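Proteins get letters first, then strands, A, B, ... in listed order; numbering begins at 1 in each. None of the values given here were measured: they were computed from a predicted structure.
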Amino acid sequence: MELSKNYIPASVEEKWYQHWMDQNYFKSEPDDRTPFTIVIPPPNVTGVLHMGHTLNETVQDILIRKARMTGYNACWVPGSDHASIATEAKVVDMLKREKGIDKNNLSREDFLKYAFEWKEKYGGIIYNQIKRLGCSVDWERVTFTMDDHYYKAVIKVFLDLYNKGLIYRGARMINWDPVAKTALSDEEVEYKDVTGKLYYIKYEILDDGQPTTDDRKFITIATQRPETIMGDVAVCANPNDERYAFLKDKKVIVPLINREVPVIFDEYVDKDFGTGILKITPAHDINDFNIGLKFNLPVIDTLNEDGTLSEAAQIFIGEDRFVARKKIVEGLREKGLLVKEEEYTTRLGYSQRTNAVAEPKISTQWFVKMKDLAQPALEAVTSGKIEIHPNEKFNATYKYWLENVKDWCISRQLWWGQQIPAWYDEEGNVYVAESEEQARKQIDGHDDRELKQDEDVLDTWFSSWLWPMEVFHGISDPGNKDIEYYYPTSVLVTGQDIIFFWVARMIMAGMEYKHERPFNDVYFTGMVRDKLGRKMSKSLGNSPDLLTLIHEYGADAVRFGIMISSPAGNDLLFDESSLEQGKFFNNKLWNAMKLLKMWEEGKVQEATGKGHQSGEFALQWFENRLQEVRSEVENLMSQFRLSEALKTIYSLIWDDFCSWFLEWIKPEYGKSISHEVYERSVSYFDELLQLLHPFMPFITEEIYHLLKDRKDDLMVKQFGPVKESNPEILSLGNKLKNLITAVRDAKNKNNLKPKEAVSLFIETSDEKSFDLIKEILAKQTHADEIIFNKVPDTAAITTVAGNEKIYIKSDATIDTSVQKEKLEKDLNYLKGFLITVEKKLSNDKFVQNARAEVIELERKKKADAEQKIKVIEQTLASL
RNA sequence: GGGAGCAUAGCUCAGUUGGUUUAGAGCAUCUGCCUUACAAGCAGAGGGUCCGCGGUUCGAACCCGUGUGCUCCCACCA
């Protein structure tokens with residue numbers, strides 16, 4: 001069969017994904033193996049996968065494939081989130097743009113019909129992308145947070161928490177999104193620094209005929225939000241502020257609407273900020289609200305749901321809040337009540353979804369009491385039952401949030417989501433139940449009253465927090481065999497930005513309903529940024545399309561590129577050049593396979609080189625090197641240091657396998673290697689492919705099959721046990737590498753051609769490996785003569801490799817000055833080093849306390865250093 | 001205002017208990033090579049006061065102090 005010059009991913013990827021699916025490899029059912037479970041962080045149903053998802057998904061697939069090949073019953077559950085506010089906003093937008101329909105003119109039922117249509121149409125996009133990336137998820141377990149069982153589970157939890165007294169309804173100050181016209185949770189508000197203005201406004205002091213110690217007619221108050229003055233119910237000064245003592249028992253007049261409001265005194269007011277006097281607007285500021293409660297002041301809400309001024313404002317009714325601000329400032333200026341405007345930097349809260357400035361607002365909403373739920377969730381992490389990776393740095397933030405957690409506003413004034421199971425009668429009584437019939441049963445006496453269900457739906461996260469349980473129907477059907485088998489899940493892989501939204505709340509829900517952590521480990525990936533360090537965003541246009549990247553580089557290269565540049569937990573700067581590196585790596589693998597294949601097709605049963613020894617050594621060395629790396633990789637992966645594990649494998653394949661091993665066993669032109677060497681080489685290559693497979697599944701599977709006819713598939717091939725590696729063979733290998741490199745170096749420095757024959761004179765203490773060294777060196781360095789332990793009369797080029805000293809004889813001119821300088825440097829260092837090691841060894845404390853192997857290591861270091869010093873001194877003397 | 005983290009080559013980062021690291025990798029740059037698996041390759045080269053300053057040590061990129069610069073999270077100063 002003719003193999004293409006380079007690896008072409010396109011056809012290969014689809015073929016294998018289909019094959020894996022046909023073989024049911026992704027499917028998992030409870031059995032007697034140990035489960036390894038991951039639940040995907042469900043992406044928004046109508047979204048597309050961005051680079052952040054790509055990173056998360058790749059990490060999860062690596063972990064799940066590795067576990068599957070290690071003998072676990074690996075189960076990765078895919079799914080998507082209905083994302084109530086985000087999706088509803090998109091559907092509303094689509095209806096307006098494509099069909100000219102205003103949501104306000106639709107019934108709830110009709111709207112939901114459109115929303116589900118939209119979900120059907122676009123919901124498949126992310127699943128397709130997950131497939132293209134090669135993710136081995138169990139497609140029979142796809143879960144959507146609005147599935148029937150899921151919907152039921154959410155309602156069930158709501159009722160349960162309500163009955164436990166952990167859910168209540170009440171009027172509180174909440175964050176309001178005037179664009180989506182819904183309440184938000186505190187976490188859905190993002191604060192940004194903005195430059196605003198501080199307006200200084202004159203309030204007239206009401207002349208009540210009483211004499212005062214001050215004859216001022218006005219006081220000046222600084223505010224950022226002049227449009228809220230119509231909601232003013234008091235002004236407030238610090239009781240210790242003598243400037244305003246004369247205002248005791250006075251009233252002031254709110255400008256433009258001429259409302260008389262009292263002057264109150266509270267220590268909350270900072271004397272040194274602004275004018276030291278504060279207007280109190282309880283409806284539109286959390287602090288004012290608290291002061292209002294304290295002084296029993298009325299609340300005048302001057303804003304409508306959409307952010308326009310309400311009738312309570314009396315003026316500029318119906319104007320948008322920001323337009324009204326300008327007009328009011330204008331009005332104040334005309335009346336001479338505006339003292340000045342000042343530039344001022346402040347932090348404003350923005351709705352995460354609509355980017356509208358969030359409005360603090362008094363509103364009747366549903367809340368979850370968090371304190372009791374938080375306690376076990378806190379314990380689960382501080383006790384170490386759940387480990388957060390890559391490091392401890394998130395423990396502190398997690399702890400702080402849970403210790404200071406506030407009640408969670410869970411009602412949203414939307415349609416897309418689980419409708420709150422509460423019914424109201426005409427008198428406003430509330431009946432919480434799973435259905436209207438059940439609600440009716442709660443009514444005392446007559447049950448003929450008209451009941452109306454709460455219009456609102458629940459926060460998306462109120463469904464997401466059940467995810468690790470309900471994907472296994474653990475809430476709707478508790479005690480079923482899936483939930484008992486798969487829960488708690490093994491690892492949660494997610495972005496650190498949703499630690500509060502999701503991670504903490506999942507732990508709460510898990511502790512509440514399963515009395516068990518939902519996952520053993522949490523692995524936080526960093527943010528994916530562009531190479532300039534900016535966040536990926538649509539508006540910047542710096543977020544590449546996943547399918548385009550896969551098309552250009554292949555899925556394996558995309559996975560490679562994103563993993564190789566993804567140090568655990570740090571943000572990663574996405575750069576396509578790393579994908580290119582992945583593509584090149586594909587090709588290297590491809591060509592290594594071609595080389596092996598060529599030898600097989602040669603079929604000549606001739607030994608490599610002059611004897612079997614060098615081939616045998618190459619095999620032994622690589623076998624040991626392979627085991628050494630395997631144990632390194634195990635270690636790195638158990639610490640979730642995937643990027644380093646990949647680097648290690650990359651270097652094993654490229655440097656050790658391709659550059660050294662294959663070169664060592666490579667036969668002379670026209671000859672082939674022995675059958676045994678071939679078979680063993682192939683078996684090592686198989687192991688390499690297996691090791692790499694979790695990271696780059698497609699190409700490894702393809703090569704595995706191209707190399708030989710196989711009955712099995714690499715994807716489900718089980719790892720053998722990691723064998724111990726023999727340090728002597730490894731160090732002999734290193735010695736050889738050093739010698740060969742040193743000879744090449746020397747040739748290069750002296751303008752000899754790589755293939756030019758030279759004579760080598762080697763001094764070495766390692767007598768038992770003479771023959772082997774000779775054979776390999778002869779082959780790899782084109783030495784025509786190799787003599788041990790003999791210094792030639794006219795030493796040509798001298799070089800030191802490890803403990804060996806090499807003289808190379810040729811006709812080339814000799815330049816020893818550079819060599820000398822380097823050797824002298826080495827000598828100085830080694831002498832210093834020797835002194836310190838000796839000191840350590842003569843230190844009683846050290847000898848007594850250190851472990852035997854540590855002392856042995858030090859002794860060996862000492863011996864090494866002494867040996868090297870001897871060699872170098874001799875060399876220098878002969879120069 | 002409170003807390004956390006970071007600073008190593010042009011760029012992105014390794015450097016895991018201070019000692020073969022007299023500082024490494026990949027990418028980028030430059031110089032040779034189309035050598036019979038691979039030019040998507042091979043062989044080389046240049047490039048670093050390991051942020052500044054002090055301290056501990058025989059020895060510091062690593063430990064301690066301090067200064068500077070950047071990032072993130074949390075918080076109700078109009």
Side-chain angles (χ1 to χ4, degrees), chain A residues 3 5-7 173 191 198-199 221-225 228 235-236 268-270 272-281 285-291 344 346-347 360 391-398 400-401 404 496-497 499-500 526-527 531-533 557 564-567 569-575 577-578 580-599 635-636 639 641 643-644 647 650-651 658-659 662-663 666 668-670 744-745 747-749 753-755 802 822 825-826 828-830 832-833 835-840 857-858 861 864-865 868:
Chain A
L3 289 171
K5 193 168 177 229
N6 294 321
Y7 173 66
M173 177 70 78
Y191 291 88
L198 202 52
Y199 302 91
I221 295 177
T223 178
Q224 289 180 59
R225 305 200 53 194
T228 64
V235 299
C236 186
Y268 165 76
V269 180
D270 181 351
D272 301 323
F273 189 88
T275 59
I277 192 156
L278 177 65
K279 72 192 198 66
I280 303 295
T281 321
D285 185 283
I286 179 71
N287 303 305
D288 293 10
F289 179 71
N290 291 334
I291 293 173
Y344 182 66
T346 186
R347 284 173 74 72
N391 53 44
E392 308 276 300
K393 86 177 177 195
F394 297 107
N395 286 5
T397 32
Y398 178 83
Y400 182 85
W401 189 77
N404 298 284
Q496 50 201 292
D497 48 332
I499 181 167
F500 306 134
M527 294 266 289
K531 62 178 168 187
L532 300 174
I564 202 81
S565 52
S566 169
N570 289 351
D571 286 359
L572 93 95
L573 305 198
F574 179 79
D575 185 347
S577 73
S578 68
E580 200 161 43
Q581 195 191 344
K583 196 164 113 180
F584 295 168
F585 186 39
N586 276 341
N587 204 44
K588 191 73 182 175
L589 285 162
W590 181 255
N591 279 294
M593 180 271 290
K594 268 168 60 185
L595 181 64
L596 281 171
K597 198 91 180 128
M598 222 173 70
W599 292 340
N635 186 27
L636 289 169
Q639 297 173 57
R641 299 168 72 159
S643 166
E644 283 166 63
K647 270 179 196 161
Y650 175 82
S651 156
C658 293
S659 298
L662 288 180
E663 293 299 328
K666 200 176 197 172
E668 285 165 41
Y669 184 57
R744 281 185 195 156
D745 246 31
K747 279 187 175 178
N748 189 281
K749 289 223 168 67
K753 293 224 169 72
K755 284 194 168 177
K822 186 174 176 290
K825 257 185 166 178
D826 281 355
N828 279 341
Y829 168 74
L830 284 168
F833 179 70
I835 291 164
T836 64
V837 176
E838 276 171 346
K839 225 177 222 177
K840 203 166 177 180
L857 197 73
E858 291 299 323
K861 279 181 191 166
D864 275 5
K868 278 177 199 163

Practice problem: Output yes when at least one side-chain N/O atom of A/Lys597 is less than 4.0 Å from OP1 or OP2 of B/C38, else no. | Solution: no

Self-check item: A/Tyr398 vs A/Asn395 side-chain heavy atoms within contact, under 4.5 Å
Solution: no

Quiz item: Taking protein heavy atoms under 4.0 Å as touching, what does nucleotides 70-78 of chain B look like 5' to 3' if B marks base contact, S marks sugar-phosphate-only contact and - marks none?
Solution: ---SSBBBB

Exercise. Dot-bracket notation for RNA chain B is requested: 5' to 3', Watson-Crick or G-U wobble pairs only, both distances under 3.5 Å, with ( ), [ ], | and . as defined.
Key: (((((((..((((.....[....)))).(((((.......))))).....(((((..]....))))))))))))....

Quiz prompt | Atom C1', compared across B/U12 and B/U36: separation rounded to whole Å | solution = 38 Å

Quiz item: Excluding sequence neighbours, so at least two apart, what forms salt bridge (charged side-chain N to carboxylate O under 4.0 Å, His left out) with A/Glu663?
Solution: A/Lys666

Quiz item: Under 4.0 Å: is that the gap between some side-chain N or O of A/Lys666 and OP1 or OP2 of B/A37?
Solution: yes

Exercise. Sequence neighbours left out, what passes side-chain contact (heavy atoms from CB on, under 4.5 Å) with A/Tyr650? Give chain and number order.
Key: A/Phe560, A/Gln581, A/Phe585, A/Trp654

Self-check item: Nucleotide B/C38, atom P - distance to NZ of A/Lys588 in whole Å
Solution: 10 Å

Quiz item: So, for A/Lys279 and A/Ile221, which heavy atoms are closest and what is the spacing to 0.1 Å?
Solution: N-CG2, 3.8 Å

Exercise. Could you measure between the two C1' atoms, the one in B/G1 and the one in B/A60, and give it in whole Å?
Key: 36 Å

Under 3.5 Å, N/O pairs linking protein and nucleotides 23-30 of chain B:
{"residue": "B/G26", "atom": "O2'", "partner": "A/Gln581", "partner atom": "OE1", "Å": "2.8"}
{"residue": "B/G26", "atom": "O2'", "partner": "A/Gln581", "partner atom": "NE2", "Å": "3.2"}

Self-check item: Nearest-Å distance for atom pair CH2/C1', residues A/Trp590 and B/A40
Solution: 14 Å

Quiz item: So what does A/Cys658 hit on the nucleic acid, given a heavy-atom distance under 4.0 Å: a base, only sugar-phosphate, or nothing?
Solution: base

Quiz item: Does the side chain of A/Leu589 reach to within under 4.5 Å of the side chain of A/Tyr7, using non-hydrogen atoms?
Solution: no

Quiz item: Is there a side-chain contact between A/Tyr268 and A/Leu278, using heavy atoms and a 4.5 Å cut-off?
Solution: yes

Quiz item: Do A/Cys236 and A/Ile280 come within less than 4.5 Å of each other through their side chains, counting heavy atoms only?
Solution: yes

Self-check item: Closest heavy-atom pair and its distance - A/Gln496, A/Met527
Solution: NE2-N, 4.3 Å

Quiz item: Partners of A/Asp285 by side-chain contact (heavy atoms from CB on, under 4.5 Å), sequence neighbours excluded?
Solution: A/Asn287, A/Asp288

Practice problem: Using atom CG of A/Leu636 as one end and atom P of B/G15 as the other, report the distance to the nearest whole Å. | Solution: 10 Å

Practice problem: List the atom of A/Lys5, the atom of A/Lys594, and the distance in Å for their closest heavy-atom pair. | Solution: O-NZ, 3.4 Å

Self-check item: Distance in angstrom units between A/Leu573 CG and B/C6 C1', rounded
Solution: 13 Å

Quiz item: Which heavy-atom pair separates A/Leu198 from A/Ala222 by the least distance, and what is that distance?
Solution: CG-CB, 4.0 Å

Quiz item: Expressed in whole Å, how much space separates the P atoms belonging to B/G65 and B/C77?
Solution: 31 Å

Quiz item: What interatomic distance, in whole Å, is found between C1' of B/G32 and the corresponding atom of B/C11?
Solution: 26 Å

Self-check item: Nearest atoms (heavy-atom pairs only) where A/Pro360 meets A/Arg225
Solution: CD-NH1, 4.3 Å

Quiz prompt | Distance between P atoms of B/G46 and B/G26 (Å, rounded) | solution = 15 Å

Quiz prompt | P-based separation of B/U66 from B/G3 [nearest Å] | solution = 14 Å

Quiz prompt | A/Lys588 versus A/Cys658, closest heavy-atom pair with distance | solution = CE-CB, 3.8 Å

Exercise. For A/Leu572 and B/C6, give me the distance from atom CG to atom C1', rounded to whole Å.
Key: 16 Å

Quiz item: How far does the C1' atom of B/C53 sit from the matching atom of B/U71, given to the nearest Å?
Solution: 24 Å

Exercise. Give the rounded distance in Å between these two atoms: CG of A/Asn395 and P of B/G5.
Key: 12 Å

Quiz prompt | Euclidean distance, atom CZ of residue A/Phe394 to atom P of B/A4 [Å, nearest integer] | solution = 14 Å

Quiz item: How far, in whole Å, is B/C72 from B/G59 if one measures between their P atoms?
Solution: 40 Å

Quiz item: Over how many whole Å does the gap from A/Tyr7 atom OH to B/G41 atom P extend?
Solution: 17 Å

